[in-house]
Amino acid sequence: MLGIETTCDETAAAIVERDTDRRGRILSNIVLSQTDEHAAFGGVVPEIAARAHVEVLDLLIAQAMAEAQCSFDALDGIAAAAGPGLIGGVIVGLTTAKALALVHRTPLIAVNHLEAHALTARLTDGVDFPYCLFLASGGHTQIVAVRGVGDYALLGNTMDDAVGEAFDKTAKLLGLGYPGGPEVERRAALGNPQRFALPRPMQHRREPDFSLSGLKTAVRLEAERIAPLSDQDVADLCASFQQAIVDTVYDRLRAGLRRFRERYGAPNALVAAGGVAANQSIRQTLQRLTDEQDIALIVPPPALCTDNGAMIAWAGAERLACGLTDPLDVAPRARWPLEAIVPAIPRG
């Protein structure tokens, strides 16, 4: 399966193999980040992202095919992220996949980008359904019951900012670089997480939802109160912010796992996906939570937590194995909730 990813600011192509025993193997996985192109703007500029995808996607596909020593005739399918994402970039990747599928008479699979994150743990660890997914990135923060291919139930969501978005906005507020998440984590390691009494939004509520805009506002008010900021002030603000996020994630996931058990029984694992899963403090609190609840924690390698082509190829392979393909007129989508996907096997 060829997988193409262009939903945000990474252009990616990969070849993945899925055998009859559901075991996966990555034959190639090429990712080109656009961080440098967007750094001057402090965030992703959709028009720049789409143009950058156009400029390099054909080359990346050729590189992925060559590295995998794979011909188009050997492909069983071509998968592309069809949303959700920045619509210009989604159009670039999906249109390219349609052209290749048409020319080579190969099945097309239009993959939901979030579903690709949800299924990555089956590629890396072979986890069985059902499991609980914590998806945390710059654009999404969700707790999801993963019951099968195409079968997802939203347990908790963010009511405003995503976790990754909160990291990026805090970094921008404090004058740090882009992308903000890694820089906040680096500064936090040098700071005192107890110095600033920041809120833990939604803590102890039964509904496993998130709300992070108030935390972001609290950081801004503290920064304004003690301005001008020294390097130690910035480090302490980063440490206090990150600790508030960690405490919130622990509390909200505990509520999410409780809701999972109430509705579906015990999950086979807690799976973390999305770029935020690369944060070591968050990983440690996920490990603490799963140790306490005696369930497995699965966190794919960092390169497979962030956007990549291998996850798209694997999701395509999983859907093709269920007999699911898409017509060449399938539409790209800027918004496409996980729970709107039609299950491979009907519910009930």
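Just so it is clear, the structure is predicted and the values come from calculations on it, not from any experiment. One-based numbering along the sequence shown.
- Using a 4.5 Å cut-off on side-chain heavy atoms (C-beta onward), Val246 and Arg288 make no contact.
- With hydrogens and angles ignored, the 3.5 Å screen pairs a side-chain donor or acceptor of Asp19 with a backbone N or O of Asp21.
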Chi angles and distances behind the salt bridge (Lys or Arg N to Asp or Glu O under 4.0 Å) call for Glu115, Arg319: CA-CA 10 Å; Glu115 180 174 36; Arg319 294 186 67 79; 3.3 Å; yes
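- Side-chain contact, His113 with Asp307: a donor N or O sits under 3.5 Å from an acceptor N or O.
- Judged purely by distance below 3.5 Å, without hydrogens or angles, the side chains of His53 and Thr6 never pair a donor atom with an acceptor atom.
- Between the side chain of Thr141 and the backbone N or O of Val163, at least one donor-acceptor pair lies under 3.5 Å.
- No side-chain heavy atom of Leu32 sits less than 4.5 Å from a side-chain heavy atom of Glu10.
- Side-chain atoms of Phe72 and Ile61, non-hydrogen and from C-beta on, do get closer than 4.5 Å to each other.
- Counting only distance, with no hydrogens or angles, the side chain of Lys98 and the backbone of Leu328 share a donor-acceptor pair below 3.5 Å.
- None of Leu297, Ile295, Leu257 except one satisfies the side-chain contact (heavy atoms from CB on, under 4.5 Å) rule with Leu289; the exception is Leu257.
- Between Arg252 and Asp247, no side-chain nitrogen of the basic residue sits less than 4.0 Å from a carboxylate oxygen of the acidic one, so the salt-bridge criterion is not met.
- Asp294 CG: 12 or fewer foreign heavy atoms inside a 6.0 Å radius.
- Aromatic ring orientation, Phe241 versus Phe167: perpendicular (interplanar angle above 60°, classes split at 30° and 60°).
- Asp160 and Ser211 share a side-chain donor-acceptor pair at under 3.5 Å.
- A donor-acceptor pair is defined here as one N or O able to donate and one able to accept, closer than 3.5 Å; such a pair exists between the side chain of Asn112 and the backbone of Trp336.
- Taking the side chain as every heavy atom from C-beta outward, His140 and Pro84 approach each other to under 4.5 Å.
- Residues Arg225 and Glu222 are paired through a salt bridge, judged by an N-O separation under 4.0 Å between the basic side chain and the carboxylate.
- The aromatic rings of Tyr131 and Phe129 sit parallel, their planes meeting at an angle under 30°, below the 60° perpendicular limit.
- Taking the ring axis of Tyr250 as reference, the NZ or CZ atom of Arg200 does not stay both within 45° of it and closer than 6.0 Å to the ring centre.
- Checking side-chain atoms of Asp161 against main-chain N and O of Ala166 turns up no donor-acceptor pair under 3.5 Å.
- Put simply, the side chain of Arg283 reaches to within 4.5 Å of the side chain of Gln280, judged on heavy atoms.
- Residues Leu86 and Val44 form a side-chain contact, since some pair of their non-hydrogen atoms from C-beta on lies under 4.5 Å apart.
- Salt-bridge formation is detected for the pair Glu183/Arg187: a Lys NZ or Arg NE/NH1/NH2 atom is positioned less than 4.0 Å from an Asp or Glu carboxylate oxygen.
- Classification of Arg254 and Asp251 as a salt-bridged pair holds, one side-chain N sitting under 4.0 Å from a carboxylate O.
- Between the side chain of Thr106 and the main chain of Leu102, no donor-acceptor pair closer than 3.5 Å is present.
- Remark: the backbone N or O of Gln287 is paired with a side-chain donor or acceptor of Thr290 at under 3.5 angstrom.
- Within 6.0 Å of atom CD in Glu262, more than 12 heavy atoms from other residues, nucleotides or ligands are found, so the atom counts as buried in its surroundings.
- Judged by distance alone, the side chains of Glu5 and Thr7 do bring a donor and an acceptor atom under 3.5 Å apart.
- A salt bridge does not link Glu55 to Arg51: none of the charged side-chain nitrogens sits closer than 4.0 Å to a carboxylate oxygen.
- Side-chain polar atoms of Arg195 and Gln232 form no donor-acceptor pair below 3.5 angstrom.
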